[in-house]
Amino acid sequence: MLILFLTYPDALLNRLAVYSETLDPRSPASELMHRTRDYPLANFLAAFSSPNWAYGFGIGTVSLGGQYVARIFHVLPPTEGVESGYGILFSSLVLAACCCGSP
C-alpha cells in the first residue's frame, strides 16, 4: 500500500474516497445496507417467483452468459434467474433434495 501511495497517490485516494462514501453507514450515499441485506434478500425471494423453482429455475445462471447465447442463436433471452449466492445455494439444495431424496 505504501508503494502504491507513493507511486500513484491520486489513484489510491480516489478509490478510498469511493469506498468511504458508498460503504460507510454514516454516509448519505451509503449502499452498505442495500449490498449486504436488501439486494441479497430480494434475490433470495426472487428464486421462488417461478412456479417451477423446485426444478432449479432461478439459480443464478442468467448472468453467466445467457444473453450471449440468446444473441448468437437468435432466441429469447432467459427470463428466470437470480444473482444471489443465497438464492443459488438454497435452490441448489432444494433441487438436490428433490432429485436424490432424503436418506
Side-chain angles (χ1 to χ4, degrees):
M1 292 292 289
L2 180 63
I3 293 172
L4 179 63
F5 180 71
L6 294 174
T7 310
Y8 303 104
D10 292 335
L12 180 63
L13 293 175
N14 287 341
R15 283 170 178 75
L16 290 175
V18 168
Y19 294 142
S20 67
E21 290 172 5
T22 59
L23 297 178
D24 185 1
R26 297 169 296 192
S27 171
S30 177
E31 296 179 11
L32 185 64
M33 283 300 131
H34 174 70
R35 291 182 184 211
T36 59
R37 185 192 61 200
D38 300 337
Y39 183 75
L41 182 60
N43 275 282
F44 175 73
L45 296 174
F48 304 104
S49 64
S50 169
N52 298 322
W53 64 268
Y55 300 113
F57 292 155
I59 57 173
T61 56
V62 172
S63 63
L64 298 176
Q67 70 272 20
Y68 302 115
V69 172
R71 186 179 64 211
I72 292 169
F73 292 104
H74 305 291
V75 295
L76 293 175
T79 57
E80 308 281 341
V82 295
E83 296 183 9
S84 170
Y86 298 116
I88 294 168
L89 179 63
F90 187 78
S91 297
S92 298
L93 291 174
V94 168
L95 179 63
C98 289
C99 292
C100 301
S102 59

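All of these numbers come straight from a predicted model, not from anything done at the bench.
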Exercise for the section: For Ser20 and Ala17, indicate whether the former's side chain and the latter's backbone hold a donor-acceptor pair under 3.5 Å. Expected result: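 Yes; at least one donor-acceptor contact below 3.5 Å.
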Handout entry: Main-chain N/O of Ser30 paired to Thr22 side chain as donor or acceptor, under 3.5 Å
Key =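 No, the answer is negative, given that no donor and acceptor are paired below the 3.5 Å cut-off.
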Practice task
Find the distance between CZ (Arg26) and CD (Glu21) and round it off to the nearest 0.5 Å.
Solution key: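 Arg26 atom CZ to Glu21 atom CD measures 13.0 Å (nearest 0.5 Å).
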Problem - Straight-line distance of Asn14 CG to Tyr8 OH, nearest 0.5 Å - result: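 The CG atom of Asn14 sits 14.5 Å away from the OH atom of Tyr8.
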Exercise for the section: Indicate, with yes or no, if Tyr19 and Phe5 share a hydrophobic cluster defined by side-chain heavy-atom contacts under 4.5 Å among Ile, Leu, Val, Met, Phe, Trp and Tyr. Expected result: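 Shared cluster, no.
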Problem - Shortest non-hydrogen contact between Leu32 and Leu23, atoms and distance - result: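 Distance-wise, the nearest heavy atoms are CD2-O, 3.6 Å.
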Problem - Atom CD1 of Ile3: over 12 foreign heavy atoms under 6.0 Å - result: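 For Ile3, atom CD1 is not crowded (no more than 12 foreign heavy atoms under 6.0 Å).
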